[in-house]
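Ligands are counted one by one from 1 in listed order, and the atoms in each one are counted from 1 as well. Worth knowing before you read on, the calculation uses all heavy atoms, side chains too, and leaves out hydrogens, waters and symmetry mates.
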Amino acid sequence: MDSRPRKIIHIDMDAFYASVEIRDNPALAGHPIAVGGKADSRGVIATCNYEARKFGVHSAMASAEAKRRCPQLILIPGRMQVYREVSAQIHEIFHHYTDIIEPLSLDEAYLDVTDSKLCQGSATLMAEAIRAEILATTQLTASAGVAPNKFLAKIASDENKPNGICVVTPDQAADFAARQPLKKYPGAGPKTCERLEKLGFITGADILRSSPEQMLHILGQFGPRLYQRAQGIDERPVQPSRIRKSVGVETTLERDISRFEQCREVLDGLCPELHRRLRGRAFHNVTVKLKFHDFNQTTATHQGSQLTSTLLDNVLHIALTRANGRRIRLVGISVALTEAPPSQQLQLDLESS
Ligand code: DCP
Ligand code: MG
């Protein structure tokens, strides 16, 4: 088995639904706002911005209580469709860095970048690049935690929120885990924490003064696991939800085009970005997509494992024969990946069994 420390990134958007609402209605900026159900119909708060949090408003609180704490709170009903679209955008960005992505919710995911060669292999630089790409694409901020495992990465992403990053190196892992209050440990709910607190366990360090056996006695199966976490240990693999089958890029043109040479030039412009996103993975066919000014579209596919000039000429030629005089408003290129991420899959199977 591979004994190198892993490089795990946890990304979590800041005040997600609320930030999307402020982005799309800048007049809300600076005011305490919350997304949730109405105060007079037993609604609850889904989330709120940091201005509202200063008044003690938080997720899952009754909207009526939130209004009591913060009478000037602006309550917004929420637009799930938009949040889902932003979620898809950020997941697309994650895929520029690795395919080993485990989504936790719309705004949160673990990434295993242990084998990624980008950013000189630095997980810290990758996390910063991901945050920058998210901001450029969505105008929203995300926070990141970088650590040798999921447990530490998740706590770390909260450390410098909003719009922050926290890196826990392998040699800092044990100290970092020990000094955290147990209520920050994912999996330790309010009831458990209350019980532990009564017994004198407030931080990870308090747990370490006990023993796995004593923790088993107090908490059952969760006890020894909590002891491990307090040591900074978490062997759970990042479990990708699905395997990516293709990688592509496309661009909507500022002005419609129609000639072969123009389309070819756009394709040439897309290839470097496609190469970047491929991260050296092998592919076995190439697809060109054209969208016409009447919004219909066509795709043409050709076998090939390299983006040669001849191949691009051929595929584009096939696609263009379907234009029938229509101007083109979007050009895209994608490739079908030959295999799932190598070796990772086997490793996951072993670790989770
Ligand atoms: N959410 C919800 N109900 C909850 C908790 C969350 O509907 N009880 C939704 C709204 C949040 C989104 O999920 O915007 C993400 O949840 P987070 O816990 O990540 O909270 P936020 O992103 O809103 O804030 P933070 O900056 O603390 O991550
Ligand atoms: Mg969040």
* Asked: Does the N or O separation between Ala18 and ligand 1 drop below 3.5 Å for any pair?
  -> no
* Structure fact -> Within the 2.8 Å cut-off the protein N, O or S neighbours of the Mg ion (ligand 2) are Asp12 OD1, Met13 O, Asp107 OD2
* Are the side chain of Asn149 and the backbone of Gly232 linked by a donor-acceptor contact shorter than 3.5 Å? -> yes
* Mode of Tyr50 contact toward ligand 1 - side chain, backbone, both, neither (heavy atoms, under 4.0 Å) -> side chain
* Structure fact -> A student checking ligand 1 against Asp14 at a 4.0 Å heavy-atom cut-off should list atoms 26 (O)
* Within 45° cone and under 6.0 Å: Arg225 NZ/CZ vs Phe222 ring -> no
* Any Val146 side-chain heavy atom under 4.5 Å of Val168 side chain -> no
* **Partner residues of Phe292 under the ring pair (Phe, Tyr, Trp, His ring centres under 6.0 Å) criterion, sequence neighbours left out** => none
* Hey, is Arg53 one of the residues with a heavy atom under 4.0 angstrom from ligand 1? -> yes
* Asked: When you measure from atom 16 (O) of ligand 1 to each heavy atom in Val35, Asp107, Val20, Ile45, which option holds the nearest one?
  -> Asp107
* To do: Sort and list the pairs that fulfil salt bridge (charged side-chain N to carboxylate O under 4.0 Å, His left out) and have at least one residue in residues 274-296, not counting sequence neighbours.
  => Asp99-Arg279, Asp99-Arg281, Glu133-Arg276, Glu250-Lys289, Glu273-Arg276, Glu273-Arg277, Asp294-Arg326
* Structure fact -> Heavy-atom proximity to atom 20 (O) of ligand 1, picking from Leu104, Asp158, Asn49, Thr47, points to Thr47
* Under 4.0 angstrom from ligand 1, any heavy atom of Ala15? -> yes
* Asked: Under 3.5 Å, is there a donor-acceptor pair linking the side chains of Asp14 and Thr141?
  -> yes
Donor-acceptor contacts under 3.5 Å from residues 180-197 side chains, at least two apart:
residue : atom : partner : partner atom : Å
Gln180  : NE2  : Phe176  : O            : 3.3
Tyr185  : OH   : Ala177  : O            : 2.7
Arg195  : NH2  : Ile218  : O            : 2.6

* Asked: For atom 18 (O) of ligand 1, which protein heavy atom lies nearest, and how many Å away is it?
  -> Glu108 OE1, 4.9 Å
* Do the side chains of Leu106 and Met80 get nearer than 4.5 Å, heavy atoms only? -> yes
